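Note that the structure is a prediction, hence the values are computed from the model and not measured.
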Amino acid sequence: MSGIQEAIARVHREEWSRVVATLARRIGDLDIAEEMAAEAFAAAVERWPVDGLPPNPGAWLTTTALRKAIDRLRREVRREEKHREALMLSDAPEPLGAIDDDRLRLVFTCCHPALAVEARVALTLRMVGGLTVAEIARAFLVQETAMGQRLTRAKAKIKAARIPYRVPDREDLPARVGGVLTVLYLIFNEGYLASDPEQAAVRGDLTAEAIRLTRLVHGLLPDDGEVAGLLALMLLTEARRAARVSASGELVTLDEQDRGAWDRALIAEGHALVRARLASGRAPGRYQILAAVNAVHTDAPDVRDTDWSQILALYNQLVRLDPSPIVRLNRAIALAELDGPQVALAEVDGLPLEGYHAFHAARADLLRRLGRGEEARAAYDRAIALAGNTAQTASLTRRRDRLASGREPRP
């Protein structure tokens, strides 16, 4: 890939959602916004290799997309009122508000209660996270065509119901923020570990954007414990990003990471948020507990110093709030460090997670520690088959092959 092509790909990752969000606000139609953004990027692919990269690629793309939108509205004009609307677009005043951020407005639009929960999540992942329809379909375990239809219906409902492109009034925020936090966490998770095997294992553009938007929500609701908890969780997870992929492109598990490469400024900020929530004396929610778990991990200078009893106590709290199989799987991993792999394996084997790669990877590790090599290798094989990207596959393959070669320490 040439330098200009790499630049275009980078700009696409960084600017897609901003261009779509700006057009959505100015035009009021998600379909047109998405189509014109795509046309603007297509124009960039054609012109930038000839003309060179513009000084402000994002502004170039937004201007180009807006002009294309105006041209389209003019072509489709049926009434004089529509024509005037098209002419006014280029001079539309910027809206006022406590937080003037197009992408945050688009998040709240996509997360409107009038939409089904799955549609909210999928639409936000597409419009704000910039994920492809194929990536979202994999996350929901549905066919790409079915996901495309779901997204089309959601955009049509926003248009038909005249759902506004704005951050809700302050009194409406508490009822709307839960869905917003869910999708921001999912965007962050896609960046933390990409599901697309063609993408880099860790997508810093997505994690950075999720953190930026969560900071804005925290500014709107500074006393909301779950908003603060999610921000702390993201910061403490992001702090480990530099240590998560090796030079050879292999995913590095928490116990093997170089803790000297962790971002201490992000850790300090995350710890401060966790301590502030603990000091409030209020019962913690899901994100606050997960942030506290990460605070315990990032507080240990060495993996051997990890306070597993505290982590298990936190997961016991979380299971009472969210007894989902994935939470119980993570609890079992902590349980193994205290009560041994046999006890943990009994917990893991009862979980309905046959299609989840981390379930098989956890089983493989527990079986390895119990000296059940053949079963461990079979579990690694299953995890490898389900892994989402090459970095995961490389890590799991190395662990399986080390076991097969006899280089794995005996339990």
Side-chain angles (χ1 to χ4, degrees), residues 99 104 107-108 111 117 120-121 124 170 173-193 206-241 254 262-300 306-335 337-338 358:
I99 294 181
L104 188 62
V107 169
F108 276 99
C111 293
V117 173
R120 295 180 215 170
V121 174
T124 312
R170 191 166 296 277
L173 280 172
R176 297 277 298 278
V177 75
V180 170
L181 296 184
T182 297
V183 295
L184 290 178
Y185 188 37
L186 286 170
I187 291 171
F188 181 87
N189 280 341
E190 181 62 26
Y192 171 77
L193 189 60
L206 288 185
T207 57
E209 181 62 6
I211 289 171
R212 188 187 72 83
L213 291 170
T214 306
R215 286 190 190 279
L216 293 178
V217 178
H218 183 48
L220 286 169
L221 296 168
D223 297 324
D224 188 299
E226 281 295 81
V227 177
L230 180 58
L231 179 57
L233 173 59
M234 288 181 176
L235 294 173
L236 293 171
T237 306
E238 179 73 357
R240 298 187 279 107
R241 178 159 61 93
L254 179 61
W262 291 357
D263 188 323
R264 290 294 155 187
L266 291 180
I267 290 173
E269 185 181 358
H271 282 192
L273 285 166
V274 171
R275 285 195 299 271
R277 296 317 307 167
L278 290 173
S280 73
R282 300 171 195 157
R286 177 171 178 263
Y287 295 122
Q288 293 168 76
I289 295 172
L290 287 172
V293 169
N294 276 267
V296 176
H297 278 302
T298 51
D299 195 44
T306 304
D307 188 345
W308 288 106
S309 60
Q310 190 175 355
I311 289 175
L312 182 61
L314 288 165
Y315 273 119
N316 287 339
Q317 272 188 282
L318 186 56
V319 165
R320 288 193 287 272
L321 289 177
D322 177 15
S324 66
I326 291 177
V327 170
R328 289 156 59 199
L329 174 65
N330 286 317
R331 178 188 175 276
I333 292 169
L335 184 65
E337 300 300 323
L338 294 171

Reported [atom1]-to-[atom2] distance for the pair [X] and [Y], which is rounded to 0.5 angstrom:
X	Y	atom1	atom2	value
Asp224	Leu181	CG	CG	6.5 Å
Thr124	Arg120	OG1	CZ	9.5 Å
Ile333	Tyr315	CD1	OH	7.5 Å
Leu235	Arg215	CG	CZ	5.0 Å
Leu290	Leu314	CG	CG	9.5 Å
Leu173	Leu220	CG	CG	5.5 Å

- Message: Arg241: which residues meet the side-chain hydrogen bond (donor to acceptor under 3.5 Å, both in side chains) condition with it, sequence neighbours left out?
- Response: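 In terms of side-chain hydrogen bond (donor to acceptor under 3.5 Å, both in side chains), with neighbours along the sequence ignored, Arg241 is linked to Glu238.
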
Please name the pair of heavy atoms, one in [X] and one in [Y], separated by the smallest distance, quoted to 0.1 Å.
X	Y	value
Ala232	Gly270	CB-O, 3.8 Å
Leu236	Ala291	CD1-O, 3.5 Å
Leu213	Leu104	CD2-N, 3.8 Å
Ile311	Ala334	CG2-CB, 3.9 Å
Leu206	Gly191	CB-CA, 3.7 Å
Ala228	Arg277	CB-CD, 3.7 Å

- Message: Checking Met234 against Thr207 for the side chain to side chain contact (heavy atoms under 4.5 Å, CB included) test, could you report, in this order, the C-alpha distance in whole Å, the side-chain angles of both residues, the deciding distance, and whether it holds?
- Response: CA-CA 8 Å; Met234 288 181 176; Thr207 57; over 6 Å; no

Taking the side chain as C-beta and beyond, is there a heavy-atom pair between [X] and [Y] under 4.5 Å?
X	Y	value
Tyr185	Leu233	yes
Thr298	His271	yes
Arg240	Asn294	yes
Thr182	Tyr287	yes

- Query: Quick one: side chain to side chain contact (heavy atoms under 4.5 Å, CB included) partners of Arg264, sequence neighbours excluded?
  - Reply: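 In terms of side chain to side chain contact (heavy atoms under 4.5 Å, CB included), with neighbours along the sequence ignored, Arg264 is linked to Arg259, Trp262, Ile267.
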
- Query: Val227 pairs by side-chain contact (heavy atoms from CB on, under 4.5 Å) with which of Leu184, Leu273, Val217, Val180?
  - Reply: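 It is Val217, the one option of Leu184, Leu273, Val217, Val180 that forms the side-chain contact (heavy atoms from CB on, under 4.5 Å) with Val227.
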
- Query: Could you go step by step and tell me if Phe188 and Thr237 meet the side chain to side chain contact (heavy atoms under 4.5 Å, CB included) rule?
  - Reply: CA-CA 10 Å; Phe188 181 87; Thr237 306; 3.8 Å; yes

- Query: Would you say Glu226's side chain and Gln288's backbone share a donor-acceptor pair under 3.5 angstrom?
  - Reply: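 At least one qualifying donor-acceptor pair exists.
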
